[in-house]
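Structure record follows, encoded as structure tokens.
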Amino acid sequence: MDTGDTTFILICAALVMLMTIGLALFYAGMVRSKNALGTIMQSFIIIALITVEWILWGYSMAFGPDKWGVIGGLEWFGLRGVGMAPHSVYATTIPHQVFMIYQCMFAVITPALITGAFAERMRFGPFLLFSLLWATFVYNPLAHWIWGDGGWLGRLGVLDFAGGVAVHLSSGVAALAAAILLGKREGFGTEELRPHNLPMTLLGAGLLWFGWFGFNAGSALAAGSLAGSAFVATHVAGTTGALAWIFMEWRVTGKATTLGGASGAIAGLATVTPAAGFVGPISAAIIGILAGVGCYLGIMAKNRFGYDDSLDVVGIHGVGGVLGLLVTGLFASVAINPGGADGLFYGNPAQLGIQCVAIGITMIYTFVVSYILLKVVDKLFGLRVELRDERSGLDITQHEETAYNF
Amino acid sequence: MDTGDTTFILICAALVMLMTIGLALFYAGMVRSKNALGTIMQSFIIIALITVEWILWGYSMAFGPDKWGVIGGLEWFGLRGVGMAPHSVYATTIPHQVFMIYQCMFAVITPALITGAFAERMRFGPFLLFSLLWATFVYNPLAHWIWGDGGWLGRLGVLDFAGGVAVHLSSGVAALAAAILLGKREGFGTEELRPHNLPMTLLGAGLLWFGWFGFNAGSALAAGSLAGSAFVATHVAGTTGALAWIFMEWRVTGKATTLGGASGAIAGLATVTPAAGFVGPISAAIIGILAGVGCYLGIMAKNRFGYDDSLDVVGIHGVGGVLGLLVTGLFASVAINPGGADGLFYGNPAQLGIQCVAIGITMIYTFVVSYILLKVVDKLFGLRVELRDERSGLDITQHEETAYNF
Amino acid sequence: MDTGDTTFILICAALVMLMTIGLALFYAGMVRSKNALGTIMQSFIIIALITVEWILWGYSMAFGPDKWGVIGGLEWFGLRGVGMAPHSVYATTIPHQVFMIYQCMFAVITPALITGAFAERMRFGPFLLFSLLWATFVYNPLAHWIWGDGGWLGRLGVLDFAGGVAVHLSSGVAALAAAILLGKREGFGTEELRPHNLPMTLLGAGLLWFGWFGFNAGSALAAGSLAGSAFVATHVAGTTGALAWIFMEWRVTGKATTLGGASGAIAGLATVTPAAGFVGPISAAIIGILAGVGCYLGIMAKNRFGYDDSLDVVGIHGVGGVLGLLVTGLFASVAINPGGADGLFYGNPAQLGIQCVAIGITMIYTFVVSYILLKVVDKLFGLRVELRDERSGLDITQHEETAYNF
Amino acid sequence: MKKIEAIIKPFRVDDVKKGLSNLGIKGMTVSEVRGFGRQRGHKEVYRGAEYQVDFVAKIKIEIVLEASMVPDAMKVIQDQARTGEIGDGKIFVIPVEQAVRIRTGESGKEAL
Amino acid sequence: MKKIEAIIKPFRVDDVKKGLSNLGIKGMTVSEVRGFGRQRGHKEVYRGAEYQVDFVAKIKIEIVLEASMVPDAMKVIQDQARTGEIGDGKIFVIPVEQAVRIRTGESGKEAL
Amino acid sequence: MKKIEAIIKPFRVDDVKKGLSNLGIKGMTVSEVRGFGRQRGHKEVYRGAEYQVDFVAKIKIEIVLEASMVPDAMKVIQDQARTGEIGDGKIFVIPVEQAVRIRTGESGKEAL
Ligand SMILES: Nc1ncnc2c1ncn2[C@@H]1O[C@H](COP(=O)(O)OP(=O)(O)O)[C@@H](O)[C@H]1O
Ligand SMILES: Nc1ncnc2c1ncn2[C@@H]1O[C@H](COP(=O)(O)OP(=O)(O)O)[C@@H](O)[C@H]1O
Ligand SMILES: Nc1ncnc2c1ncn2[C@@H]1O[C@H](COP(=O)(O)OP(=O)(O)O)[C@@H](O)[C@H]1O
């Protein structure tokens with residue numbers, strides 16, 4: 001065991017936990033004030049709900065003893081056998097439980113990302129149930145496939161450094177299913193649904209960015225060159241993503257917006273996530289630009305197709321997830337990460353194919369299962385609040401609170 | 001000296017410092033807007049005031065050369081003799097000053113916790129004086145008893161990993177004394193005293209949670225297995241605390257609230273603090289549940305007994321402190337921490353008795369001394385603002401500022 | 001390479017990045033709500049803009065192969081040759097790119113500091129251009145002179161641990177040039193230009209303080225005694241700065257203010273920055289007091305001389321920069337840092353002279369070049385928004401957004 | 001001249017405004033108010049303390065117009081603001097003796 | 001019909017509301033306003049710059065009611081809002097020509 | 001007695017208040033309102049969705065005063081609030097039947 005690596009992953013775990021707090025604010029600032037608390041609560045309570053799920057069966061399903069490459073067994077239920085001795089495969093220089101809690105924070109933020117799609121109109125109870133089911137039946141398997149010891153996507157050679165498959169693409173696709181199934185908010189497209197507190201959104205974006213260093217650099221699982229290069233790639237892609245997005249805004253609607261800058265940064269950070277440990281700074285800069293442009297067009301799609309992905313989870317994490325896995329197949333280089341593989345631009349077109357397989361599989365599996373889970377919960381309890389409650393807002397109707405009493 | 005451990009404690013010190021900022025927001029969001037700045041200022045200025053106290057005499061009183069087990073001598077006044085060479089007992093792999101500054105952040109947040117009890121009605125000057133006296137005559141001795149080399153509670157075998165005695169129980173009991181002595185705010189029980197900005201409170205809770213990793217895991221003073229297990233226990237207890245609290249709300253008042261989720265998380269984190277380094281994840285989960293239920297009942301007590309512990313310091317840190325020290329006597333296990341001891345559930349009932357002694361002593365000493373200090377300051381300068389000032393709010397009357405000018 | 005040191009600098013880099021987010025909030029809270037987003041955006045987008053500048057030519061100009069002691073060559077353009085192998089001079093135990101990204105965060109926050117001087121009245125496009133030019137022609141050379149391998153100020157023996165010359169003094173002087181050249185905001189001195197959200201400012205100050213540990217302690221570039229003593233000095237100076245400032249307020253205007261506490265802390269932190277690694281805790285306490293008093297008088301100067309340095313960059317970072325470099329020449333001691341030098345109080349008056357040279361050179365160079373750059377951009381595009389836009393606010397006119405829709 | 005004061009539900013404002021514009025009404029002033037009436041408020045709970053909030057968020061629209069236009073304007077407001085549920089609000093008519101446009105000094109109907 | 005406009009101190013609102021309800025008044029509308037008058041404002045200081053804030057936070061209560069009820073209503077407001085200190089506020093009475101309940105179209109006293 | 005209601009641009013408030021004080025007017029009440037009129041609003045864009053915001057922030061000043069002072073007061077408001085640009089606002093005069101000072105119970109002109 002190494003004290004430097006252990007410190008690194010412990011702090012990174014704390015940083016990733018902070019991301020979900022940042023996400024709560026990032027999202028809450030974009031909704032109307034009558035839904036501010038309900039939106040924060042969806043992210044906040046997921047930290048609690050999914051952590052419990054994770055220590056009971058989640059970690060075991062995702063990282064436990066492999067079964068036919070598709071799922072981890074329940075041998076580690078309740079962390080049985082997950083002790084302090086380093087795991088021989090996952091992270092050899094830190095306590096196993098430290099690896100477990102670091103991964104826990106990833107499992108937490110993923111369903112929280114989805115909440116942006118059904119913001120301002122989902123009932124609290126059914127939301128809890130859906131999130132629990134989704135974590136169990138979508139996140140855990142996907143995490144096993146790509147990161148679990150023996151997972152078939154990993155064995156296939158798919159490159160996903162920090163969460164293109166299990167985190168961004170999966171949440172983006174689930175978001176699409178949710179947006180379609182729940183339908184539009186009253187007033188979508190007709191009334192002004194303006195963000196109620198953009199400084200809060202910018203603060204959230206800042207905390208997300210800060211935490212993302214733990215998310216991506218920490219995925220190196222050791223404090224060395226790889227962590228360093230992932231850190232640099234992450235930061236650079238976030239910056240070029242922000243610049244590219246506001247450039248697009250400037251061309252299309254005439255002005256660079258603050259929300260655009262934040263959105264572009266998140267787009268860049270999300271897109272570089274699977275690539276972070278496989279690419280150099282200049283590749284990362286290009287990836288960020290592609291992310292800013294691609295995700296900007298992605299959120300525009302919403303207005304074209306007319307589904308109400310309220311806070312643009314599809315446009316940013318869905319599009320970003322696809323882009324990220326693709327560019328990893330393009331820019332990956334063993335010169336940066338000997339443990340990885342070369343991408344198309346480094347003479348290995350096969351890798352791009354493998355990445356496409358991962359994209360396709362993830363999208364299909366996630367969409368189908370997410371849709372089914374949403375349908376089931378909807379039939380059983382009803383996902384959507386009544387129109388009257390939607391008008392009064394989630395804060396009063398779901399939680400009997402109001403966000404502001406200035 | 002170890003670079004990994006040194007990095008760990010330096011970053012943890014920064015995290016614990018951030019907790020007091022988080023606390024400022026956590027509290028400020030719950031008061032009325034006319035008191036927002038006054039409430040923030042009470043925590044913010046304590047960082048300054050107590051740090052100076054700490055480097056002058058506080059550290060020496062708490063950790064300096066032991067005198068009859070009850071107090072540290074003033075040999076280290078002004079940090080004389082507190083250099084970079086590691087201290088042979090407190091932390092052998094990091095510079096002594098790093099240990100000192102890490103402990104400084106604990107000394108800072110403790111009196112800041114108390115401010116929640118007398119929120120919205122204490123004069124600024126007398127508040128400063130009381131905080132300084134309290135840190136000197138309550139925190140420093142308690143810290144020496146439990147953590148100081150030679151402190152009698154520590155020698156007695158009391159288990160308190162990160163601050164059940166000196167931080168949570170002491171602040172909770174002092175809060176009770178303050179709430180009783182200052183009396184109720186005008187309108188308590190009759191008017192609507194609603195939180196003015198709950199998103200601010202949730203942000204504060206998030207920062208507290210984030211910093212708590214530094215508070216509890218850092219108390220291992222080295223980046224190894226113990227830090228890892230304390231980190232896991234801390235996070236888990238926070239999550240089950242949140243779930244237990246909103247479950248109680250759902251049963252009692254019908255809806256889960258956002259403030260309840262945050263309060264439950266803080267309750268869980270506070271309660272697990274003394275136990276963090278002695279218990280495994282499942283024990284931590286149970287501790288969090290006990291915390292959520294117990295502290296929820298604790299805040300309800302306020303409404304029954306009718307003292308105005310405005311932001312529930314008694315209900316959360318007082319009750320949490322007692323609970324935490326008790327459960328440590330139940331769930332502690334040398335399998336987790338060889339340096340510790342077994343609790344009742346691991347065949348050592350004696351430990352529970354020892355913990356009860358610590359609880360009793362801490363409550364009696366803290367209540368008596370706190371009450372005396374408050375009385376003295378009240379007689380000398382008057383603790384409470386005039387009714388007219390209470391109506392206008394602390395911001396205008398104590399600081400000549402207003403928080404918001406939208 | 002050392003995992004502890006690498007972890008330390010990676011986390012410190014993240015902390016310094018967070019400072020610019022904190023700065024955005026610190027500043028935004030002090031402006032009127034119609035300019036909240038525009039103010040946040042100025043800091044936020046600088047993270048993106050300057051990071052790109054840094055990886056392209058900035059790092060090479062500042063730290064690249066020395067040319068006659070005055071500038072780094074462009075050999076490292078686009079980070080060519082800046083790999084993972086540690087640099088033999090700058091930081092021998094961490095990857096070179098980690099040092100590069102850590103320094104990047106310093107390059108980012110410096111121009112962001114200047115934005116406080118021209119708050120509420122600068123056009124967005126010209127602001128971007130000016131910031132880019134300023135980073136290139138002011139920050140990069142200064143950074144090379146003082147920190148670059150072969151830089152002439154460094155060779156001269158100037159002591160500047162973490163950024164008195166390149167960060168605080170340079171931004172403070174540039175702020176003066178900008179305030180003079182842009183002129184006053186409408187209503188300055190006549191209307192009430194009150195902060196619109198001081199809790200936001202306090203949060204920003206808290207994040208700045210938190211990040212400052214990374215800024216100053218991280219400048220040791222290794223997790224050892226030096227980092228520890230810089231951490232302690234930083235925290236202590238921040239606290240005495242806050243106390244000294246509110247003491248001055250109490251004497252001069254009658255009440256201690258929350259904004260004053262925050263301002264004093266920032267003043268103390270800024271002033272101790274160049275001294276952090278060369279002084280002990282007691283010296284740091286004195287430095288903080290000098291900072292609180294000096295910078296308080298500094299902001300008062302504004303009202304006397306009548307230039308509209310809107311958020312007091314001159315008064316805090318300018319005055320703090322000068323003070324900091326001076327006190328380093330007084331309190332520096334090789335007992336604390338063998339790699340440093342003794343100051344006047346330790347028998348080496350020459351050091352004070354050297355520090356004065358650095359101050360003079362930095363002020364003259366920065367003022368002249370900043371003024372020219374501002375003039376050029378003004379002539380080309382016009383720096384200042386039209387009066388009508390100033391009245392409507394930056395948010396609507398520059399970004400087509402509003403910060404709040406409660 | 002008369003002043004119409006209408007207290008309506010916030011989410012009806014846009015439609016009411018559109019309706020009045022179509023009538024040729026060129027100006028109006030709106031403000032946020034809280035109303036107390038037959039419509040029940042809601043319960044709020046903070047740390048176990050329950051509060052009954054009687055006041056409901058409403059929007060007040062003020063329009064000064066010629067007496068002759070009052071009936072049409074009132075009809076439009078009723079049509080656009082009505083949801084049929086309790087709490088739809090009220091319309092009050094108050095006499096106005098003078099009106100002046102600050103920019104031009106015009107008074108009377110020209111000022112509107 | 002008349003409209004009573006009362007400008008009072010914010011912390012008196014609950015009691016005034018209760019008093020009026022007891023009178024049988026079923027509706028009212030309140031809004032946040034800032035008042036300038038004999039009551040002095042307060043000083044604020046930001047980084048050494050002093051501002052004299054003349055305006056004081058007040059609450060404006062508007063009640064439309066039958067002329068016959070005006071005296072009682074005014075008495076209740078005075079009793080409940082008075083603290084005896086400067087700044088207690090004012091009560092104004094303004095004529096109202098029509099009142100309509102949007103939901104039902106009822107007008108006159110039925111609308112109140 | 002009359003009530004003057006003036007809708008003006010926010011940044012003109014201080015000067016209007018000063019002007020009125022010089023006239024010897026001892027009290028007034030102001031509130032934040034949003035105005036719709038000839039003055040165009042502005043465009044806002046959030047993630048590519050464009051909104052035309054028609055309402056402009058304005059300040060409403062209410063002054064109850066003796067009929068005899070109305071002309072002077074209106075003149076002062078016009079002089080101080082006018083910028084000559086569209087959106088300067090309006091002044092309306094409304095009859096007031098009674099005025100009472102809560103603190104003292106004084107009524108009529110003594111109450112003002
Ligand atoms: N007498 C009144 N004076 C002033 N405002 C009133 C009066 N009665 C009702 N209102 C306003 O009208 C709103 C709606 O009235 P309410 O009785 O709740 O429903 P409805 O209009 O359907 O009868 C109230 O919230 C209040 O703002
Ligand atoms: N002439 C007036 N017109 C409109 N509002 C007024 C007038 N005079 C006073 N007010 C309102 O009444 C409030 C209280 O008046 P003030 O003179 O301060 O105390 P008092 O009511 O005790 O005489 C003021 O803050 C203002 O809002
Ligand atoms: N008929 C009206 N009734 C009530 N308020 C009005 C009316 N017309 C205008 N206003 C108010 O006056 C403000 C200014 O009017 P506007 O037509 O924009 O410019 P101007 O006053 O220069 O003609 C509007 O924003 C609105 O608040």
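Residue numbers start from 1 in every chain, and the chains themselves are labelled A, B, ... in the order their sequence lines are given, proteins ahead of strands.
The environment of NZ in D:Lys43 is crowded: more than 12 heavy-atom neighbours from other residues, nucleotides or ligands sit within 6.0 Å.
For E:Glu106, no part lies near chain D; criterion is any non-hydrogen pair under 4.5 Å. Contact of D:Gln39 with chain E is not made at all, since no heavy-atom distance falls under 4.5 Å. For E:Ser107, no part lies under 4.5 angstrom from a heavy atom of chain D. Heavy-atom distances place both the backbone and the side chain of D:Lys90 under 4.5 Å from chain E. If you measure heavy-atom distances from E:Ala111 to chain D, the contacts under 4.5 Å come from the backbone alone. For chain E, no part of D:Val56 is nearby; none of its heavy atoms comes within less than 4.5 Å. Looking at E:Val30, both its backbone and its side chain come within 4.5 Å of chain D, counting heavy atoms on both sides.
Of the listed residues D:Val70, D:Ile4, D:Ile91, the one with more heavy-atom pairs under 4.5 angstrom with chain E than any other is D:Ile91. Ranked by heavy-atom pairs shorter than 4.5 Å toward chain E, the options D:Glu5, D:Lys60, D:Glu85, D:Arg82 are led by D:Arg82.
The line from CG of D:Asp88 to CZ of E:Arg101 is 10.0 Å long, rounded to the nearest 0.5 Å. Note that CE of E:Met28 and CD1 of D:Ile7 are 12.5 Å apart. Values are rounded to the nearest 0.5 Å. Between the NZ atom in E:Lys2 and the CD1 atom in D:Ile94 there is a gap of 11.5 Å [rounded to 0.5 Å]. Atom CD of E:Glu32 sits about 9.5 Å away from atom CD of D:Glu32, to the nearest 0.5 Å. Atom OG1 of E:Thr29 is separated from atom CZ of D:Phe55 by 9.0 Å, given to the nearest 0.5 angstrom. Here D:Ile77 contributes atom CD1 and E:Ile102 contributes atom CD1; the two are 7.0 Å apart, rounded to the nearest 0.5 Å.
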What do the steps show when you test E:Arg103 against D:Ile86 for side chain to side chain contact (heavy atoms under 4.5 Å, CB included), and what is the final call?
CA-CA 7 Å; E:Arg103 173 168 45 99; D:Ile86 203 153; 3.9 Å; yes
Show the numbers, then the answer: is there a side chain to side chain contact (heavy atoms under 4.5 Å, CB included) between E:Ile59 and D:Arg34?
CA-CA 11 Å; E:Ile59 291 287; D:Arg34 287 175 295 134; 4.2 Å; yes
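For the pair D:Arg38 and E:Leu112, the tightest heavy-atom approach, listed with the atom from each and the gap, is NH2-O, 2.9 Å. Of all heavy-atom pairs between D:Pro95 and E:Pro95, the closest is CD-O, 3.5 Å.
Within the cation-pi definition used here (under 6.0 Å to the ring centroid, within 45° of the axis), E:Lys17 qualifies as a partner of D:Phe36.
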